Peer 1: 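Below is one structure. I have some questions about it.
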Number of protein chains: 2
Amino acid sequence: MSLDLTDVSTPDCCATVVRESLDPAAAEQHARVFKALGDPTRLRLLSIVAAHDGAEACVCDLTEPVGLAQATVSHHLKVLVDAGLLTRSQRGKWGYYALVPGALDQVARSLADVAPESLIPHG
Amino acid sequence: MSLDLTDVSTPDCCATVVRESLDPAAAEQHARVFKALGDPTRLRLLSIVAAHDGAEACVCDLTEPVGLAQATVSHHLKVLVDAGLLTRSQRGKWGYYALVPGALDQVARSLADVAPESLIPHG
DNA sequence: ACAACGTATCGACACTTCTCGATGGCTGGC
DNA sequence: GCCAGCCATCGAGAAGTGTCGATACGTTGT
């Protein structure tokens, strides 16, 4: 960890830094959500839930369209819940999954956290 | 593919479908970009690049801040290039990585593709 | 030509993730 | 109380991912 202060030569490749970059903790946090979104099956599940009335659907509505085993769908739904994108609620015999209001907006905002000046501000 | 039309009983759990959901091809496409964003190191690399003047930085600016081996950083940068988020250009001895203009906006828009009604429209 | 430097690629390893069949817990109807 | 249906969890196998040291490639300067 001891720095060699005798070498003060500036590497001649570097550009100017404009602002602070994302800190490691925030990066970890945001990456968790993006990782949850980084699977085509999970994106389809989110979309199917959102396409239902009230942004809510029961598992029986979700298993068939994605064409995977029930255990696999259940696993993906858990990942989405853990990422804070869906909530689960039991109503009688059926389990329902619903979009967390504003969760996807939060994701869009986290993009601005990564690279503010590269995004067009939302009126 | 033959449907059994003798069973017309509606399962009594299902909610009403409001619109079409994301098709598998689009899901795969979007998932590829989200997967690239789903790693804390890559988010930090993106952020560091964006934090430089002109949204461009050379590799020597990137290796040290993330605290990983040069080979690992190079690997992550390749993933970001393959996802269409960065471009690479060689200038003399040094390689420069730059944000693809509008790429992150595209990502934000793909969120709207997944669940349109859950997002506040951008004025 | 040759040496020095910056960076990409290769090969290997540990670890995670996706997928499934089987099992178990919970609910509602008989 | 028992059975049937919905769904989460378990265990396992195959595939993918993150990381590194070593090496190869291209550029610059001598």
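Labels below follow one simple rule: chain letters A, B, ... track the order of the sequence lines, proteins then strands, and each chain is numbered from 1. Here the structure is a predicted model, which means the values were calculated and not measured.
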Peer 1: What string of B, S and - do you get for nucleotides 22-30 of chain D, 5' to 3', when a contact is any protein heavy atom under 4.0 Å?
Peer 2: B----SS--
Peer 1: Does D:dC20 have OP1 or OP2 under 4.0 Å away from a side-chain N or O of B:Thr72?
Peer 2: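 Checking B:Thr72 against D:dC20: at least one side-chain N or O falls below 4.0 Å of OP1 or OP2.
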Peer 1: Tell me whether the OP1 or OP2 atom of D:dC6 has a side-chain N or O from A:Tyr97 closer than 4.0 Å.
Peer 2: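 Result: no.
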Peer 1: Could you tell me the separation between the CG atom of A:Asp61 and the C1' atom of D:dC6, rounded to a whole number of Å?
Peer 2: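 It works out to 13 Å between those atoms.
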Peer 1: For the residue pair A:Ile48 and A:Val66, establish whether any side-chain heavy-atom pair is separated by less than 4.5 Å.
Peer 2: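 A:Ile48 reaches A:Val66 side chain to side chain.
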Peer 1: Among residues 24-47 of chain A, which ones have heavy-atom contacts with DNA chain C below 4.0 Å?
Peer 2: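 Those residues whose heavy atoms fall under 4.0 Å from DNA chain C, taken from residues 24-47 of chain A in numerical order, are A:Lys35, A:Asp39, A:Arg42.
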Peer 1: Within this structure, what is the NZ-to-C1' distance between B:Lys78 and D:dT19, rounded to whole angstrom?
Peer 2: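 Rounded to whole Å, this separation is 17 Å.
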Peer 1: Would a 4.5 Å heavy-atom cut-off, applied to side chains only, mark B:Tyr97 and B:Val81 as touching?
Peer 2: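 Sidechains of B:Val81 and B:Tyr97: in contact.
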Peer 1: Are B:Arg88 and B:Lys78 side-chain neighbours, meaning at least one heavy-atom pair lies under 4.5 Å?
Peer 2: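 B:Arg88 does not reach B:Lys78 side chain to side chain.
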Peer 1: Side-chain contact, heavy-atom cut-off 4.5 Å: A:Ser21 with B:Arg44?
Peer 2: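 SC-SC contact between A:Ser21 and B:Arg44 ruled out.
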Peer 1: Given B:Pro40, which of A:Lys35, A:Glu28, A:His30, A:Gln29 fulfils the side chain to side chain contact (heavy atoms under 4.5 Å, CB included) condition?
Peer 2: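 One option only clears the test, and that one is A:Glu28.
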Peer 1: In a check of side chain to side chain contact (heavy atoms under 4.5 Å, CB included) between B:Leu77 and each of B:Asp82, B:Leu46, B:Thr72, B:Val59, which one passes?
Peer 2: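 The passing option is B:Val59.
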Peer 1: Between B:Arg42 (side chain) and B:His76 (backbone), is there a donor-acceptor pair under 3.5 Å?
Peer 2: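 It does not hold such a pair.
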Peer 1: Would you check if B:Leu37 and A:Val114 make a side-chain contact, meaning some heavy-atom pair closer than 4.5 Å?
Peer 2: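 B:Leu37 does not reach A:Val114 side chain to side chain.
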Peer 1: OP1 or OP2 of D:dG18 less than 4.0 angstrom from a side-chain nitrogen or oxygen of B:His75, does that happen here?
Peer 2: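 Yes, within the criterion.
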Peer 1: Base, sugar-phosphate, or nothing: which does B:Leu68 touch, judged by heavy atoms less than 4.0 Å apart?
Peer 2: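 Answer is sugar-phosphate: B:Leu68 comes under 4.0 Å of backbone atoms only.
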Peer 1: Less than 4.5 Å apart, any side-chain heavy atom of A:Leu85 and any of A:Leu99?
Peer 2: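 When only atoms from C-beta onward are counted, A:Leu99 and A:Leu85 do not touch, as no gap falls below 4.5 Å.
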Peer 1: Check for a donor-acceptor pair, side chain of A:Ser110 on one end and backbone N or O of A:Val107 on the other, with a separation under 3.5 Å.
Peer 2: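 Judged by distance alone, yes, a pair lies under 3.5 Å.
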Peer 1: In the structure I gave you, are the side-chain heavy atoms of A:His52 and A:Asp61 within less than 4.5 Å of one another anywhere?
Peer 2: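 Of all side-chain heavy-atom pairs linking A:Asp61 with A:His52, at least one is under 4.5 Å.
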Peer 1: At the 4.0 Å heavy-atom cut-off to chain A, mark where contacts on DNA chain C begin and end, going 5' to 3'.
Peer 2: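 Under 4.0 Å from chain A, the extent on DNA chain C is C:dT17 to C:dG28.
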